[in-house]
There are 2 protein chains.
Amino acid sequence: MSESAQSAPRQAQKERTRQAILASALELSQEQGFAQVSLRQVSRHAGVVPTAFYRHFESMDQLGLALVEQSFSTLRRMIRDAQRDPQVFDNIIDAAADVLVEAVKQSKAHFAFVARERVGGPEVVRTAIRHELDLFVSELAVVLARLPNIENWSSDDVQMVSRLFVRNMVSNAEEVVEMPDGRPDLEEQIKEGARRQMRLIVVGFRDWRS
Amino acid sequence: MSESAQSAPRQAQKERTRQAILASALELSQEQGFAQVSLRQVSRHAGVVPTAFYRHFESMDQLGLALVEQSFSTLRRMIRDAQRDPQVFDNIIDAAADVLVEAVKQSKAHFAFVARERVGGPEVVRTAIRHELDLFVSELAVVLARLPNIENWSSDDVQMVSRLFVRNMVSNAEEVVEMPDGRPDLEEQIKEGARRQMRLIVVGFRDWRS
DNA sequence: ACTTTGAGTGTACGCATGTTCACTGATTTC
DNA sequence: GAAATCAGTGAACATGCGTACACTCAAAGT
């Protein structure tokens, strides 16, 4: 390597290439789905020869798993931030809707990846995503269980609400992702939809348990 | 053609081959997703030489669209039958849960196809599925609007409930599809989950509108 | 009877793919 | 400053792909 970053320490340059490969795979996946992206396409797009790919990932499957990890670390940061937000205690629903739409907007590509590959990806990737989503449901349940109106619910009920919330999140992420660019009005509409659906879940639950 | 069906009338034999191609594509899609299935794989599996494929479909995309059509005709038959069932008037929710699980079990492959290719398929297929699902939401809304407890709701509300029901149907179809074979206990669990979620939607809606 | 039609065949082509191997040369290690 | 390391190179391969083309030979049309 002599032109793009001459004096980069070796490890840093390697990491940069690794990120270029990850970013390329993520971008190419958006157009055709991860499973249709070839090792050569990714390498080409990352500005690297196909054989160099193997210095970073054993196979395309491993690349896929790395993308799953990256995507969920984004998601986890989102829930951790939301937990610190005092507004969440007053009004989970509006907060969640805001956070969701904002997070999806910020890292659209990662959400798109999860939504798409959850059902459409190679089997190892699908399995990994399912596992991460299950974990995420449990983590969200912990957050929800601390909330004022919920603290005396059974843990099964909390788990179910959490599952419904996550399912909703995935559905709405799908919608935001499939949304044509430059239509912020639609985005507001989706956010409003998400809000109403979450309210529905909470209201329905409260009434049914009484 | 001389061995497999010597004296078949020409048109009938053609139709039979066409169905073999459709069935092959459906089966192969389950393992790898439709987009990874090649024209040659389908032809091979259908017992036909690759070039013969073109006598039936212009391209793999067209095959995909034919599968979408086939899948939704299954779905439509299901809703039409359910509409005749008097039980539906008494208890939409249990009826819907039964019908859903039963229908999915009967034509698992078609539901799997829709659930998978809705987000993971080639763009033309995705678009077609979205369109069909939108239509289906509207059709279901018509059915729902006739129901006793719903007849005085606004049509917007009915449309939204219908959308939530269909979203739920897709989600649950995904679960049934991803379900390991020979575990009827899980199936009952999914059915119960679907029932609870639909009840949630109806209860939530009723209470919020008052 | 004889001609036309058209579903299915077989060969052949150019192209993209995943993986192999021996290599280069700057950075790191000593 | 010599030696070792290792990210990235470039040529070569076998394989599977979509499609073009000329073909066969029963069934359908006359």
Side-chain angles (χ1 to χ4, degrees), chain A residues 1-25 27-29 31-67 121-125, chain B residues 1-25 27-29 31-67 121-125:
Chain A
M1 169 97 359
S2 59
E3 25 179 329
S4 69
Q6 297 109 328
S7 66
R10 226 210 204 146
Q11 219 179 20
Q13 176 53 33
K14 179 171 186 183
E15 183 57 23
R16 201 184 296 166
T17 303
R18 190 188 133 96
Q19 291 304 326
I21 291 176
L22 284 164
S24 297
E27 188 182 332
L28 293 171
S29 296
E31 291 154 22
Q32 358 174 1
F34 179 73
Q36 351 281 335
V37 177
S38 72
L39 186 151
R40 285 177 109 107
Q41 277 176 57
V42 173
S43 310
R44 206 180 302 134
H45 193 275
V48 134
V49 100
T51 35
F53 177 95
Y54 293 106
R55 300 279 179 207
H56 303 275
F57 301 98
E58 203 178 61
S59 63
M60 283 297 282
D61 275 359
Q62 295 303 311
L63 210 206
L65 292 182
L67 280 174
E123 212 210 288
V124 283
V125 172
Chain B
M1 168 98 1
S2 58
E3 26 180 329
S4 69
Q6 298 109 329
S7 66
R10 222 200 205 162
Q11 218 177 22
Q13 176 53 32
K14 177 168 186 184
E15 183 58 22
R16 201 185 295 167
T17 303
R18 190 188 134 97
Q19 290 305 324
I21 291 176
L22 283 164
S24 297
E27 189 182 331
L28 293 171
S29 296
E31 290 154 24
Q32 357 173 3
F34 179 74
Q36 350 283 332
V37 177
S38 72
L39 186 151
R40 286 177 107 106
Q41 277 177 59
V42 174
S43 310
R44 207 180 302 133
H45 193 275
V48 134
V49 103
T51 34
F53 178 95
Y54 293 107
R55 300 280 180 206
H56 302 275
F57 301 98
E58 203 178 61
S59 64
M60 283 297 283
D61 275 359
Q62 294 303 311
L63 210 206
L65 292 182
L67 280 173
E123 214 211 288
V124 282
V125 172

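Order of the sequence lines sets the chain letters (A, B, ...), proteins ahead of strands, with each chain counted from 1.
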Go through the structure and list residues passing side chain to side chain donor-acceptor pair (under 3.5 Å) with A:E27, not counting sequence neighbours. none
Between atom [atom1] in [X] and atom [atom2] in [N], what is the gap in whole Å?
{"X": "A:L63", "N": "C:dT19", "atom1": "CG", "atom2": "P", "result": "12 Å"}
{"X": "B:Q13", "N": "C:dT9", "atom1": "CD", "atom2": "P", "result": "10 Å"}
{"X": "B:Q36", "N": "C:dT17", "atom1": "CD", "atom2": "P", "result": "14 Å"}
{"X": "B:Q32", "N": "D:dG16", "atom1": "CD", "atom2": "P", "result": "14 Å"}
{"X": "B:K14", "N": "C:dT5", "atom1": "NZ", "atom2": "C1'", "result": "11 Å"}
{"X": "A:L28", "N": "C:dT17", "atom1": "CG", "atom2": "P", "result": "11 Å"}
{"X": "A:R44", "N": "D:dT9", "atom1": "CZ", "atom2": "P", "result": "14 Å"}
{"X": "B:R16", "N": "C:dG8", "atom1": "CZ", "atom2": "P", "result": "11 Å"}

Give a yes/no on whether any side-chain N or O of B:T17 is located under 4.0 angstrom from OP1 or OP2 of C:dA7. no
Is a donor from one side chain sitting under 3.5 angstrom from an acceptor on the other, for B:E15 and B:Q11? no
Most 5' of B:R10 and B:Q41 on DNA chain D, judged by nearest nucleotide: B:Q41
DNA chain D-proximal residues of residues 53-61 of chain A, any heavy atom under 4.0 Å: A:R55, A:H56
Checking C:dT5, C:dT19, D:dT19 against the side chain of B:P50 (C-beta onward), the nearest is D:dT19
Among D:dC17, C:dG18, C:dT9, the nucleotide that comes nearest once only the side chain of A:L39 is considered: C:dG18
On a heavy-atom basis, which atom in [X] and which in [Y] lie closest, and how many Å separate them?
{"X": "B:P122", "Y": "B:A35", "answer": "CD-CB, 4.2 Å"}
{"X": "B:R18", "Y": "B:F57", "answer": "NH1-CE2, 3.4 Å"}
{"X": "A:P50", "Y": "A:L39", "answer": "O-CD2, 3.8 Å"}

Mind checking whether [X] and [Y] have side chains closer than 4.5 Å, heavy atoms only?
{"X": "A:R40", "Y": "A:F53", "result": "no"}
{"X": "B:Q13", "Y": "B:R16", "result": "yes"}
{"X": "B:M60", "Y": "B:F34", "result": "yes"}

What's touching nucleotides 11-15 of chain C from the protein side, N or O pairs under 3.5 Å?
none

Per the side-chain contact (heavy atoms from CB on, under 4.5 Å) rule, which among A:L63, A:T17, A:L22 passes with A:H56? A:T17
